[in-house]
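Here is the structure we will look at.
Just so it is clear: chains get the letters A, B, ... in the order the sequence lines come, proteins before strands, and each one is counted from 1. Heavy-atom basis, side chains included; hydrogens, waters and symmetry copies ignored.
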Amino acid sequence: MPSNVDNAYDPSAVEHRWQAKWDRDGTNAFALDELRSAERPFFNLMMFPYPSAEGLHVGNIYAFTGADVYGRFKRLQGYDVFEPIGFDAFGIHSENFALKTGVHPSRLIPGNMANFRRQLRRIGGMFDWTHTVDTTDPDYYRWTQWIFVQFLKNGLAEKKEAPVNWCPSCMTVLANEQVIVGECERCGTAVEQRFIHQWFLRITDYADRLLANLKRIDWSDTTLKAQYNWIGRSVGAQLHFPVAGADDLSVEVFTTRPDTVFGATYVVLAPEHPLVDAVTSDSCREAVEAYRARTQAMDLVARKKIEKDKTGVFTGGYCVNPATGERVPVWIADYVLMGYGTGAIMAVPGHDERDFDFAHAHGLPIIRVIAAPGEDASTPLSIAYEYPTGTLVNSGRYDGVPVDEAKRAIVDELATEGLAESRVTYRLHDWCISRQRYWGPPIPVINCDHCGAVPVPEEDLPVELPHVEDFRPDQSGISPLARVREWYEVPCPSCGRDAARETDVSDVFLDSAWYFLRYPSTDFDDRPFDAGITRRWLPVDMYIGGNEHAVLHLLYSRFVVMALHDMGWLDFEEPYDRFRAHGLIIREGAKMSKSKGNVIIPDPIIERYGADTFRLYLMFLGPFVEGGDYQDQGISGPHGFLHRLWESVVPESGELATGDPDPAVDRKLHRTIHRVTDQIANLRYNTAIAAMMEYLNAVRAGGRTPVRAEVEPLVGMVAPFAPHIAEELWHRLGHAGSVFDGANWPECDLAKCVEQHARIAVQVNGRVRGTVSVPVGAGRDEVVAQARAEPNVARHLEGTEVRRIVHIPDRLLNLVVAQAVAAGK
RNA sequence: GCCGGGGUGGUGAAAUCGGUAUACACAGGGGACUUAAAAUCCCCCGGGAGCAUUCCCAUGCGGGUUCGAGUCCCGCCCCCGGCACCA
């Protein structure tokens with residue numbers, strides 16, 4: 001016999017009861033045989049978090065809730081939804097925090113993870129806690145290392161000396177992606193250049209495929225665009241500019257505009273370019289050296305700040321323009337970057353804004369070689385003409401040839417003389433994975449004087465990260481592991497002689513490039529991913545995460561999967577069929593930040609309103625892919641909705657009535673099911689919730705008491721957003737199991753969605769003058785007759801002649817009339 | 001500079017195969033119930049005029065197409081992201 005207390009909605013009690021039950025019953029967990037045999041597998045993935053000491057922030061909760069809503073929705077529709085979560089706990093983030101607080105990361109991380117687990121349970125995520133990953137667990141990073149070894153064996157990993165971004169504050173090398181306009185992404189310190197031997201993964205080998213596949217994956221447009229731009233394919237040619245007076249030397253330039261080569265009046269090398277020494281004349285050497293020193297000392301930030309001034313110095317050397325045969329001076333300038341193309345350009349000041357500015361600043365000749373319609377060879381150039389249209393002028397036998405044709409013809413002709421070839425260049429660089437840090441998986445390589453870089457044999461993996469109490473990096477650029485002699489001194493696996501382990505660790509993005517492959521296979525400790533299970537569950541069906549990883553994580557994981565596919569380990573080459581980037585949450589119109597002190601602390605809100613209300617409110621704020629504005633008072637809306645839902649299903653006085661639903665309410669119900677189903681599928685959660693609110697309002701309108709058939713389907717629809725209350729109400733409706741077991745998503749009966757009558761807006765000359773109610777599907781004449789009978793419509797038709805009738809069935813009638821000239825005047 | 005996304009009530013936001021602009025919710029006002037409070041329920045709530053039927057104006061600004069434009073086209077302004085000397 002239920003007491004009054006039992007009949008009041010107590011979110012905290014309900015939520016704890018069901019969370020405990022889910023754990024006890026394994027509601028969300030897959031046993032190995034279930035993973036092997038699931039009939040309608042659906043892999044619902046969300047980006048695993050870095051377990052910070054602060055705990056889950058509202059941004060995490062927003063993202064996870066949005067992903068969880070989708071997963072629960074698919075499950076209610078009868079899919080076997082696998083929804084794992086894990087921890088991305090290696091990396092600079094953890095390490096810097098540990099350095100700041102003085103607590104070793106190996107002691108810090110477990111507590112953080114425990115706290116995250118508690119919070120993730122508390123918000124009611126449908127997580128399979130029997131299949132989680134922790135990237136710092138040797139049982140996980142053993143396979144991260146294994147992947148590196150596969151890359152090495154397949155020629156996709158190589159060590160090379162390269163200019164790298166060095167952060168003097170974090171004392172480490174950064175990937176290009178971690179440098180934000182010349183500053184360290186983490187600490188904002190200006191980045192310097194250093195030359196170090198690094199391990200690179202050859203992602204540029206896959207640039208074309210990574211680009212081509214973008215056409216056939218279902219991802220957010222913004223994310224696709226970001227990847228497209230990041231890969232940055234440009235088609236052009238490599239032209240050879242022989243060095244005057246040195247037959248064997250030639251400056252290679254890359255250009256997308258070979259048609260402008262007749263206008264190339266000088267050549268510019270990046271200051272770091274290897275040919276600078278060779279072309280520099282003795283008289284210019286001092287100035288060149290000074291400029292190079294200045295460039296090197298100048299960090300990238302300073303280099304960008306003076307973007308207007310084009311500085312540079314003449315080397316004293318000359319090249320031969322391959323098209324004109326004339327000598328052109330060779331300069332060095334910092335506006336030419338060593339990291340792109342060949343690190344050298346042919347400067348065409350007439351048709352490139354940067355070259356134009358530089359030529360002006362240094363008195364170099366500017367020649368027009370392209371004429372737009374209405375221009376000719378002598379039309380003055382007040383600015384560079386950069387458009388890729390027009391015809392050639394001042395270009396010898398190519399005069400009058402259109403740009404497109406000239407591009408091909410000139411390259412073809414120069415190619416026959418060995419002075420050019422077509423070429424495609426990418427903005428994308430190979431992926432440097434070496435980190436001179438401590439908190440990461442050691443790169444599994446042993447360096448031997450006789451055998452070179454030897455991969456650690458797979459049976460010896462993992463190469464465990466030794467415990468080092470003082471892991472502070474130092475200025476030497478050598479990893480802290482290089483101070484642990486007893487760890488790195490090992491015999492060469494190949495020849496047995498004394499050798500040394502690689503002392504760099506790998507980039508955190510390698511950890512996260514394959515974690516989704518591991519989730520369903522965590523039951524196996526003898527393989528990274530089981531073939532059969534992987535075939536069943538991957539690729540990921542739906543991936544939801546932040547667009548801040550649009551190019552980093554998402555591109556690297558695509559690359560890793562593509563490479564593993566080519567090696568025969570996987571039978572698919574794209575990891576995520578669908579990806580959706582969620583929006584960001586702001587608060588009261590302002591960005592949240594610790595310094596402003598306006599960060600939302602989730603725990604007290606959950607304490608007060610419950611996780612269901614919090615989830616519902618977050619999803620109600622705005623379209624999930626666009627984010628929303630969290631206004632503190634707004635939460636009472638969704639909170640009241642759940643209360644009313646509870647009271648409608650668990651009436652304070654007596655039992656929930658049975659019997660047939662009211663026909664009008666039933667129509668509304670089926671229309672609501674239709675809308676909600678469609679809107680959740682498209683991640684338009686805010687309007688789905690609004691539709692449910694609207695329906696509940698209709699159910700309770702005028703204080704009416706609903707019957708069971710009117711509210712039971714609503715319990716199913718609200719379940720993705722508010723799973724705990726849904727379980728409780730489902731249970732109280734007399735069902736034995738979880739609402740999430742057994743495809744309980746309500747069915748929409750389309751026949752019931754149809755209304756009997758339509759309200760039609762009646763316009764006269766496009767302005768609404770009244771509405772009429774007609775049977776659905778009523779013909780034009782019938783509608784017109786009714787409309788004319790409407791007093792206000794009739795008034796506006798008075799003294800006029802209807803010239804035209806526009807009838808949109810069941811929606812609108814527009815009577816177009818001639819202006820009434822008779823009346824008045 | 002380039003590439004995205006967006007400007008709609010007091011506020012968060014609905015409505016984009018062109019067809020009754022402002023759904024849903026917050027805030028605000030009024031009322032019912034109640035000893036009271038909470039909860040619940042009902043009514044009002046873009047601006048202006050009017051007792052009212054009703055009329056005019058309004059989706060960042062200016063034009064255009066159309067019977068009809070928040071939605072399409074042209075030209076601007078502003079805000080938020082991302083990229084940025086990429087040859």
Inset, instruction - Calculate the interatomic distance between A:Asn229 atom CG and B:G82 atom P; express it in whole Å. - result: 14 Å
Inset, instruction - Side chain of A:Lys310 only, please: which of B:U40, B:C85, B:U11 is the nearest? - result: B:C85
Inset, instruction - Using a 4.0 Å heavy-atom cut-off across all strands, classify A:Arg233 as base, sugar-phosphate, or nothing. - result: nothing
Inset, instruction - Please check the phosphate of B:C86 (OP1 and OP2 only) for any side-chain N or O of A:Thr256 closer than 4.0 Å. - result: no
Inset, instruction - Could you state the atom-to-atom distance from CG of A:Leu642 to P of B:C24 in whole Å? - result: 18 Å
Legend entry - Side-chain N or O of A:His351 closer than 4.0 Å to phosphate OP1/OP2 of B:A87: no
Legend entry - Length of the CZ-C1' vector between A:Phe620 and B:U11, whole Å: 13 Å
Legend entry - Candidate nucleotides B:C85, B:C56, B:A14, ranked by approach to the side chain of A:Tyr335 - the nearest: B:C85
Legend entry - Whole-Å distance separating the CD atom of A:Gln679 from the C1' atom of B:A15: 11 Å
Legend entry - Whole-Å distance separating the CG atom of A:Asn547 from the P atom of B:C3: 18 Å
Inset, instruction - Indicate whether OP1 or OP2 belonging to B:G18 is found under 4.0 Å from a side-chain N or O atom of A:Arg811. - result: no
Inset, instruction - Ignoring backbone atoms, test whether A:Arg354 places a side-chain nitrogen or oxygen under 4.0 Å from the OP1 or OP2 oxygen of B:G1. - result: no
Legend entry - side-chain N/O A:Asn697 vs B:C24 OP1/OP2, d < 4.0 Å: no
Inset, instruction - Please determine, for the side chain of A:Asn814, which listed nucleotide (B:U20, B:G19, B:C86) has the closest atom? - result: B:G19
Legend entry - Rounded distance (Å) that lies between atom P of B:G12 and atom CD1 of A:Ile586: 9 Å
Legend entry - Evaluation steps, side-chain hydrogen bond (donor to acceptor under 3.5 Å, both in side chains), between A:Ser234 and A:Tyr340: CA-CA 11 Å; A:Ser234 36; A:Tyr340 187 76; 2.7 Å; yes
Legend entry - Spacing of A:Arg803 atom CZ relative to B:G68 atom P, expressed in whole Å: 15 Å
Inset, instruction - Using only side-chain N and O atoms of A:Lys225, determine if any of them is under 4.0 Å from OP1 or OP2 of B:C83. - result: no
Legend entry - Shortest side-chain distance from A:Asn792, nucleotide among B:G12, B:C86, B:C55: B:C55
Legend entry - A:Arg644 side-chain N/O to B:U40 phosphate OP1/OP2 under 4.0 Å: yes
Legend entry - Chi-based syn or anti call at B:G60, which uses purine or pyrimidine torsion atoms and a 90° bound: anti
Inset, instruction - Classify the nucleic acid contact of A:Leu621 as base, sugar-phosphate or nothing, counting any heavy atom under 4.0 Å across all strands shown. - result: sugar-phosphate
Legend entry - Selection from B:G4, B:C55, B:A13 that lies nearest to any side-chain heavy atom of A:Asn686: B:A13
Legend entry - Length of the CZ-C1' vector between A:Arg795 and B:U53, whole Å: 8 Å
Legend entry - Whole-angstrom distance between B:C42 and B:G48, as gauged at atom C1': 29 Å
